[in-house]
Novice: 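Following this message is one structure expressed as structure tokens.
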Amino acid sequence: MRFSNLFIPTMREVPSEAEVVSHRLMLRAGYVRQLASGLYIFLPLGWRVLNRINKILKEEMEAMGAQEISMPILHPSEIWQQTGRWYEIKDEMFRLKDRTGRDMCLGMTHEEIMTWLAAKEIRSYRQLPQIWYQIQTKLRDEARPKSGILRTREFIMKDSYSFDIDEQGLEKNYKLHADTYHKIFKRCGLNFYQVESDPGMMGGATAHEFMAPSPAGEDDIVLCNKCGYVANVEVARSVSQATKDAGWEYEEVHTPQKRTVKEVSEFLGIESAYFIKSLLLMAAEGPVFVLIRGDQELHEKKLSKIIGPFRTALKEEVLSLLGVSAGFIGPMGHKLRILADHALKEGTYISGANKIDFHTKGIKARVHFNPEWHDLHTAKKGDLCPECNALINIEKCIEIGNIFKLGTKYSLPLNAVFLDRDGQEKPMIMGSYGIGPARIAAAAIEQNYDNDGIIWPKSIAPFDIEIIPLNINDKKTIDISTSLYEMLSANGLDVLIDDRDERPGVKFKDSDLIGVPLHVILGEKALKDDMVEIKVRRTKETKRVPVFDIVKKTIEIFNAIY
RNA sequence: CGGGGCGUAGCGCAGCCCGGUUAGCGCACCUGCCUUGGGAGCAGGGGGUCGGUGGUUCAAAUCCACUCGCCCCGACCA
């Protein structure tokens, strides 16, 4: 491709609204433009990258036996009503009416429609298993689109769905997807982890996410370098490091006007880990008293799995239920249901004295309070691995893919049943599996860039090689670069040639910004000695090679990089 | 949805607090000359509903009210 025939609007300056690296570079290098909040145009270079990613996706999906199909993006509401998600999902779903007044929605995902199809067409166990996938646009009215193409309202997703006769079949397809995802992300040149995740609204028991570490990510994961435990903090367990038992006598301490753990801990000069954070929460069953250690954060999802949805108690409720105002409440002497985090099993602690302006020192579990023990805290840096007790790390990640075991969550309401070998009618056992191609592109940039621009992994770069003739008015330069272009193309490489009548500086800057993995530079000076230069974008290493050897050397060096 | 910030030329910004000729700067763009190994130089030029609406005023980019849009933090995130 000739640079002069491609629309590549590079920018020297960055639009001020772009914060994250991938967004800035994609704008500057002419890959994308923003239409509105959460809506992006993919320009020729950006679209080439997405297509290369999608090609990898298709190859690997086909290799595992999945079949590509295409589904409508506009859906009738009835199917979504049958599974209940028409009502469960609120503003995030784009809804509209057709001309007859019929309720419709735009697809945020395709469990309903895929299951509808399976329900309609599949009768017998002989037709199973099936894996259907598509690479198509999804629409979600996101509460907050952000970080360029990382969180948008319209985006392409590779989503696949498996239908099996039993759990073993699902297990097999789930593993198959996990293996395929590893191959895909590896081919795309990404660093990533497969982590345990929260099945959330998808239902079902098991879910994993594929996470690419990057400061631009929205998720935190816990990982243990020693035993390999990895999990999203949404579900991660951890062991809070034990405190030394302070061994205090049980006594009240005057703490005038000091209410929060931070205030009291500073006032007394004692670390927050020696405090019990006492929280009064209102669940459906009534008030629940929850205790965590002063240096811990309550993990609301873990708690709501135990007590259901809850809210914090109002000031008046605290006063009327416990007889003391918030800030001075302690776990001693209440008849309410009490839950506590495991960290409080051992040790001696300080908490509210249930008396205004006083705290109590020397509180011990089982002596002064007797709770149900649970894991209620959010894992954080400094905690220990729940599997092997080594120190854990926390890393920010971009979610690039996920896999869910759905079971019968969709097949039951949509009546996707088949007749099994034993003559029994049974619901299909389903799984669903997603990958965000644009997120792969963004994550690849986040993990591969320098001050000058993007450094694409070669599998997903918009071109394999960029030829840079410095002076296009020099006949020798043009003759050699043209024949090089033709020969490399004939060898199956995607080549970009910067045939613009621009100064060398401009071409160098643009080529570094755009980030094609290998550059071949033809300058008049070197050409006098019949030499050209081959530059590896990632390392900026430049090698002078003789013109007669250029095709062979270029391919050789190209094959050696990743 | 809560909190914060920002809307002035394609991009980056100044001007606004303290109202007053023709709204300015850098980059980009157009023409010519010149130059050609890391976003050159000189000369000339084009481009603006100052986000929108309403108000205050002799006079509004500037003050007031409302509104729209975009970004960031949080909540949310099949």
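Chain letters run A, B, ... following the sequence lines, proteins first, then strands; residues in each count from 1.
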Novice: On a whole-Å scale, what distance lies between the P atoms belonging to B:A23 and B:G4?
Specialist: 35 Å
Novice: For A:M157 and for A:K525, find the nucleotide of RNA chain B with the closest heavy atom, then tell me which residue's nucleotide is more 5'.
Specialist: A:K525
Novice: Specify the residues of residues 436-446 of chain A, ordered by number, for which at least one heavy atom lies under 4.0 angstrom from an atom of RNA chain B.
Specialist: none
Novice: Tabulate protein N/O versus nucleotide N/O from nucleotides 3-9 of chain B, keeping only pairs under 3.5 Å, one per line.
Specialist:
none

Novice: Which heavy-atom pair separates A:S162 from A:L170 by the least distance, and what is that distance?
Specialist: OG-CD1, 4.0 Å
Novice: Can you check the distance between B:A60 and B:G54, where both ends of the measurement are the C1' atom (answer in whole Å)?
Specialist: 13 Å
Novice: How far apart are the closest heavy atoms of A:A379 and A:V233, and which atoms are they?
Specialist: O-CG1, 4.2 Å
Novice: Tell me yes or no: between the side chains of A:S70 and A:Q136, is some donor less than 3.5 Å from an acceptor?
Specialist: yes
Novice: What N/O pairs connect the protein and nucleotides 29-35 of chain B at under 3.5 Å? Give each pair on its own line.
Specialist:
{"unit_1": "B:U35", "atom_1": "O2", "unit_2": "A:R503", "atom_2": "NH1", "d": "2.7"}

Novice: Take A:N232 and A:S197 through the side chain to side chain donor-acceptor pair (under 3.5 Å) test and state the conclusion after the steps.
Specialist: CA-CA 5 Å; A:N232 194 312; A:S197 71; over 6 Å; no
Novice: Within a reach of under 6.0 Å around CG of A:D479, are more than 12 heavy atoms found that belong to other residues, nucleotides or ligands?
Specialist: yes
Novice: Assign A:R33 to base, sugar-phosphate, or nothing according to its heavy-atom contacts below 4.0 angstrom with the strands shown.
Specialist: nothing
Novice: Could you check whether A:D452 gets within reach of a base, just the sugar-phosphate, or nothing at all, counting any heavy atom under 4.0 Å?
Specialist: nothing
Novice: Regarding A:R500 and A:D498, does a basic nitrogen lie under 4.0 Å from an acidic carboxylate oxygen?
Specialist: yes
Novice: A:D91 near the nucleic acid: base, sugar-phosphate alone, or nothing, with a heavy-atom cut-off under 4.0 Å?
Specialist: nothing
Novice: Evaluate the salt bridge (charged side-chain N to carboxylate O under 4.0 Å, His left out) criterion for residues A:E533 and A:K525: first the C-alpha distance (whole Å), next the side-chain angles of each, then the deciding distance (0.1 Å), finally the verdict.
Specialist: CA-CA 11 Å; A:E533 289 156 63; A:K525 284 172 194 165; over 6 Å; no
Novice: Can you check nucleotides 71-75 of chain B for protein contacts, nitrogen or oxygen pairs under 3.5 Å, and list what you find?
Specialist:
{"unit_1": "B:C71", "atom_1": "OP1", "unit_2": "A:Q34", "atom_2": "NE2", "d": "2.8"}
{"unit_1": "B:C71", "atom_1": "OP2", "unit_2": "A:S37", "atom_2": "OG", "d": "2.9"}
{"unit_1": "B:C72", "atom_1": "OP1", "unit_2": "A:S147", "atom_2": "N", "d": "3.4"}
{"unit_1": "B:C73", "atom_1": "OP2", "unit_2": "A:R144", "atom_2": "NH1", "d": "3.2"}
{"unit_1": "B:C73", "atom_1": "OP2", "unit_2": "A:R144", "atom_2": "NH2", "d": "2.8"}

Novice: Say you pick atom C1' in B:G41 and the same atom in B:G47; how far apart are they, in whole Å?
Specialist: 24 Å
Novice: Please report the distance separating the P of B:G52 from the corresponding atom of B:A61, rounded so that it comes out in whole Å.
Specialist: 11 Å
Novice: Does a sphere of radius 6.0 Å around NZ in A:K302 hold more than 12 heavy atoms from other residues, nucleotides or ligands, not counting ones at 6.0 Å or beyond?
Specialist: yes
Novice: Please give the distance between the P atoms of B:C71 and B:G24 as a whole number of Å.
Specialist: 31 Å
Novice: Hey, is CZ on A:F94 packed in by over 12 heavy atoms from elsewhere, all under 6.0 Å?
Specialist: yes
Novice: Taking only residues two or more places apart in sequence, or in another chain, which ones meet A:E112 in a side-chain hydrogen bond (donor to acceptor under 3.5 Å, both in side chains)?
Specialist: A:T83, A:R85
Novice: Is a donor from one side chain sitting under 3.5 angstrom from an acceptor on the other, for A:H519 and A:T542?
Specialist: no
Novice: Using the C1' atom in both, what is the distance from B:G46 to B:C30, to the nearest Å?
Specialist: 7 Å
Novice: Which value, in whole Å, describes the distance between the C1' atoms of nucleotides B:U22 and B:A65?
Specialist: 31 Å
Novice: Which is true for A:K540 with a 4.0 Å heavy-atom rule: it touches a base, it touches only sugar-phosphate, or it touches nothing?
Specialist: nothing
Novice: Please say which of A:R33, A:E154, A:H23 ends up in a side chain to side chain donor-acceptor pair (under 3.5 Å) with A:Y40.
Specialist: A:H23
Novice: When you measure from every atom of RNA chain B, which of residues 467-482 of chain A have a heavy atom less than 4.0 Å away?
Specialist: A:L470
Novice: Closest approach of A:T554 and A:L518, non-hydrogen atoms and distance?
Specialist: O-CD2, 3.6 Å
Novice: Counting only Watson-Crick pairs (N1-N3 plus N6-O4 or O6-N4) and G-U wobbles (N1-O2, O6-N3), all under 3.5 Å, who is the partner of B:G26?
Specialist: B:C11
Novice: Mind checking the C1' distance from B:G48 to B:C25? Whole angstroms is fine.
Specialist: 15 Å
Novice: Would you kindly compare A:E92 and A:S511 by the position of their nearest RNA chain B nucleotide and give the one closer to the 5′ end?
Specialist: A:S511
Novice: Under 4.0 Å, heavy atoms only, any strand: does A:E533 hit a base, just the sugar-phosphate, or nothing?
Specialist: base
